[in-house]
Amino acid sequence: MYNPQFEMMDANEMASLQLERLRKTVQKVYDNVAFYREKFDELGISPNDIGSLADITKLPFTKKVDLRNNYPFGLFAVGQEDIVRLHGSSGTSGKPTVVGYTANDVNMWAEVVARSIVAAGGKKTDIFQNTYGYGLFTGGIGLHYGVEALGATVVPMSGGNTDRQITIIEDFKPRGIAGTPSYILNIAEKMRARGIDPRDSSLEYGIFGAEPWSEEMRQKLEEELGLKAVDIYGLSEIIGPGVSIECHEAQDGLHIQEDHFFVEVIDPDTLLPVPDGEEGELVFTSLTKEAFPIIRYRTGDISSITREKCICGRTTTRMSRVKGRTDDMIIIRGVNVFPSEVERVLLQIESLVPHYQIHLVRKQTLDLVELHVEIDDRMYQKIAGDLEHELVVGMKKKIEKLMKTTCLVSMDIVFNVPQTIPRSEGKAIRVVDRRQEQPVTV
Ligand code: DLL
């Protein structure tokens, strides 16, 4: 363990540390961020009203739109002279959301990522290949500083340039690798195409996250690459990667770095807390951040938490693997489906590669879902390139039925020939909304 003092802290001790830090954070935002001061005043709350952790529910939520409305630096609690780094996330609607870090924030972040690497099975003596993109995105630089804080050797590859990634794996022999699960699969696929068995590589563990992925995808990654795959979670608004991490011992829930981030789970409709073990939206409050402290941030991510002890010895609250974001949820005739649920089904089907896309299309006035899947080379040869072949028709029926019974929705399954579904170099695009396309008239 990298820092047992906090990772194994007694629950009561943790709660009093959190309360002390929460009170400081609330005072700090009240004194330094106009947005919070106005909100607190409107609600008639003062920082002195926080006498217990439960009092956090008196505080207002912060949402992505608040970041956009205060773009770029309006929510910062320190002057620009104390900011040493800016990051952001691109989002869908134009302007990025911007977050800032003081030197202490950068150190805290490096520490939680170092803890994460150790939890994943990493050691100081490792060479570690980092395929997360370097730039405004927090993935690349976030992992980078964590590896260095641990004292291991980072190979700062960033995303893309897959041939080069493979050469480096072959030559530098990293023990650990980090990236989005979809990109790591892409690397494994290209290794095979180059006649290299990814299972023979030096890789022993992978730290995967930044996008939703399923238990079935974990199995696929572990089988394909012969490594242990653990889930890392985070978001730029809270710090970046390292908010929580699975341990390699249990691979059962992500340990939240609770001395720095306070977690709540709420019902996204009623906004009330849901009991432990029940699914809801994750809400985080930063407890130690200086530049960009954030109160009750609604992540949009669906998960649940447990406070049960873990076999690894860590005592921190664990969150379940994130099912998806509320904005990525597809609602088909009243039924809610997350791409990760579709993935779980697809990855169990033989002769399909683990790359897929969900297309939303409009036929006349009806919204329909096309599920684009890709058959593997062996099947392609078997059917001699004929996508109307009876084997494909049989597979199509089978998948349609499975989707109907497990996800409760009808989808039109569209088969693609090998190598045609776009491969990811970072966060995979799972949902393509084509409903605005002009219908083709013939
Ligand atoms: O994705 C930070 C990160 C980098 C996490 C590298 C893990 C590894 P953002 O670009 O701000 O930050 O996107 C945050 O990505 O709210 C989730 O919806 C999603 N996400 C992140 N990690 C996971 C995960 C980074 N392990 C948004 N499982 C979050 C599912 C995840 N979704």
Side-chain angles (χ1 to χ4, degrees), residues 62-64 67-68 86-92 96-101 109-110 112-113 115-117 119-120 128 130-147 157-159 176-184 206-215 217-218 221 229-246 251 253-257 261 263 268 279 281-284 286 292 294 297-304 318-329 338-341 343-344 424-431:
T62 309
K63 292 199 284 199
K64 198 160 205 119
L67 272 73
R68 292 201 199 288
L86 297 171
H87 277 290
S89 64
S90 50
T92 42
T97 47
V98 183
V99 293
Y101 302 76
W109 187 14
V112 294
V113 175
R115 288 184 198 177
S116 305
I117 298 167
F128 190 95
N130 185 11
T131 78
Y132 278 119
Y134 282 61
L136 270 187
F137 172 54
T138 51
I141 294 178
L143 259 295
H144 184 105
Y145 273 61
V147 180
M157 293 301 293
S158 196
I177 191 163
T180 57
S182 55
Y183 184 50
I184 301 294
I207 300 184
F208 305 141
E211 64 186 10
W213 53 306
S214 59
E215 209 44 50
M217 182 68 106
R218 185 210 307 275
L221 282 158
V230 305
D231 193 2
I232 186 165
Y233 169 84
L235 60 168
S236 53
E237 294 87 335
I238 303 303
I239 192 84
V243 172
S244 65
I245 182 85
E246 279 180 337
Q251 292 178 298
L254 293 83
H255 292 272
I256 298 168
Q257 308 295 349
F261 317 111
V263 68
E279 249 176 27
E281 179 178 349
L282 290 171
V283 171
F284 282 103
S286 68
F292 188 81
I294 195 155
Y297 184 66
R298 289 189 58 184
T299 63
D301 294 325
I302 302 297
S303 171
S304 63
R318 279 173 289 156
M319 53 181 257
S320 65
R321 162 192 287 298
V322 168
K323 201 173 184 182
R325 301 181 51 76
T326 40
D327 349 338
D328 287 341
M329 190 173 71
F338 283 101
S340 63
E341 295 171 305
E343 176 179 298
R344 298 192 55 186
S424 127
E425 294 199 335
K427 295 190 191 230
I429 296 169
R430 299 298 191 197
V431 181

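Each ligand, and each atom within it, is numbered from 1 in the order the structure gives. Computed from heavy atoms alone, side chains included, the values below leave out hydrogens, waters and symmetry copies. Quantities reported herein were computed from a predicted structural model and do not represent experimental measurements.
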May I ask you to identify the nearest protein heavy atom to [atom], giving residue, atom name and distance to one decimal place in Å?
atom	result
atom 28 (N) of ligand 1	E211 O, 3.3 Å
atom 25 (C) of ligand 1	G234 O, 3.6 Å
atom 9 (P) of ligand 1	K427 NZ, 3.6 Å
atom 8 (C) of ligand 1	Y132 OH, 3.4 Å
atom 20 (N) of ligand 1	A210 C, 3.6 Å
atom 16 (O) of ligand 1	D301 OD2, 2.7 Å

task = With side-chain contact (heavy atoms from CB on, under 4.5 Å) as the test, would you mind laying out the steps for W213 and I184 before giving the verdict?
result = CA-CA 12 Å; W213 53 306; I184 301 294; over 6 Å; no

query = Touching ligand 1 at all, R321? Heavy atoms, strictly under 4.0 Å?
reply =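 False for this residue.
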
query = Under 4.0 angstrom from ligand 1, any heavy atom of P212?
reply =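 Under 4.0 Å: yes for P212.
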
inquiry  = Using 0.5 Å steps for rounding, measure from the NE2 atom of H144 to the OG1 atom of T138.
reply    =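 Answer for the NE2-OG1 pair, H144 versus T138, is 14.5 Å.
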
message = I'd like to check L67 versus Y297 (side-chain heavy atoms, cut-off strictly below 4.5 Å). Are they in contact?
response =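 Contact flag for L67/Y297 side chains = yes.
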
So, is [X] polar-close to ligand 1, with some N/O to N/O distance under 3.5 Å?
X	result
R325	yes
I232	yes
S236	yes

ask   = By side-chain hydrogen bond (donor to acceptor under 3.5 Å, both in side chains), which residues pair with R115, not counting sequence neighbours?
value =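 With sequence neighbours excluded, R115 shows a side-chain hydrogen bond (donor to acceptor under 3.5 Å, both in side chains) to E111, Q257, D259, given in chain and number order.
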
ask   = Who gets closest to atom 14 (C) of ligand 1 by heavy atom: L235, V99, V113?
value =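 When every heavy atom of L235, V99, V113 is considered, L235 comes closest to atom 14 (C) of ligand 1.
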
ask   = Which atom pair, heavy atoms only, marks the closest approach of I232 to P241?
value =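 Taking every non-hydrogen atom into account, CD1-CB, 4.2 Å.
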
key: Closest heavy-atom pair and its distance - A229, E246   =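 So the two residues come closest at O-OE1, 4.1 Å.
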
task = Determine the sole option in T299, I256, I238 for which the side-chain contact (heavy atoms from CB on, under 4.5 Å) test with Y233 is passed.
result =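 So the option named by the test is T299.
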
request  = Would you mind running through ligand 1 and noting each atom that sits below 4.0 Å from a heavy atom of F137?
outcome  =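 Those atoms are 1 (O), 4 (C), 10 (O), 25 (C).
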
query = Can you list the atoms of ligand 1 that are under 4.0 Å from a heavy atom of G139?
reply =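 This gives 4 (C), 6 (C) as the contact atoms.
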
key: NZ/NE/NH1/NH2 to OD/OE distance under 4.0 Å, E215 and R218   =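 So E215 pairs with R218 through a salt bridge.
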
key: Positive for salt bridge (charged side-chain N to carboxylate O under 4.0 Å, His left out) with E237, one of K64, R68, R298   =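 One option only clears the test, and that one is K64.
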
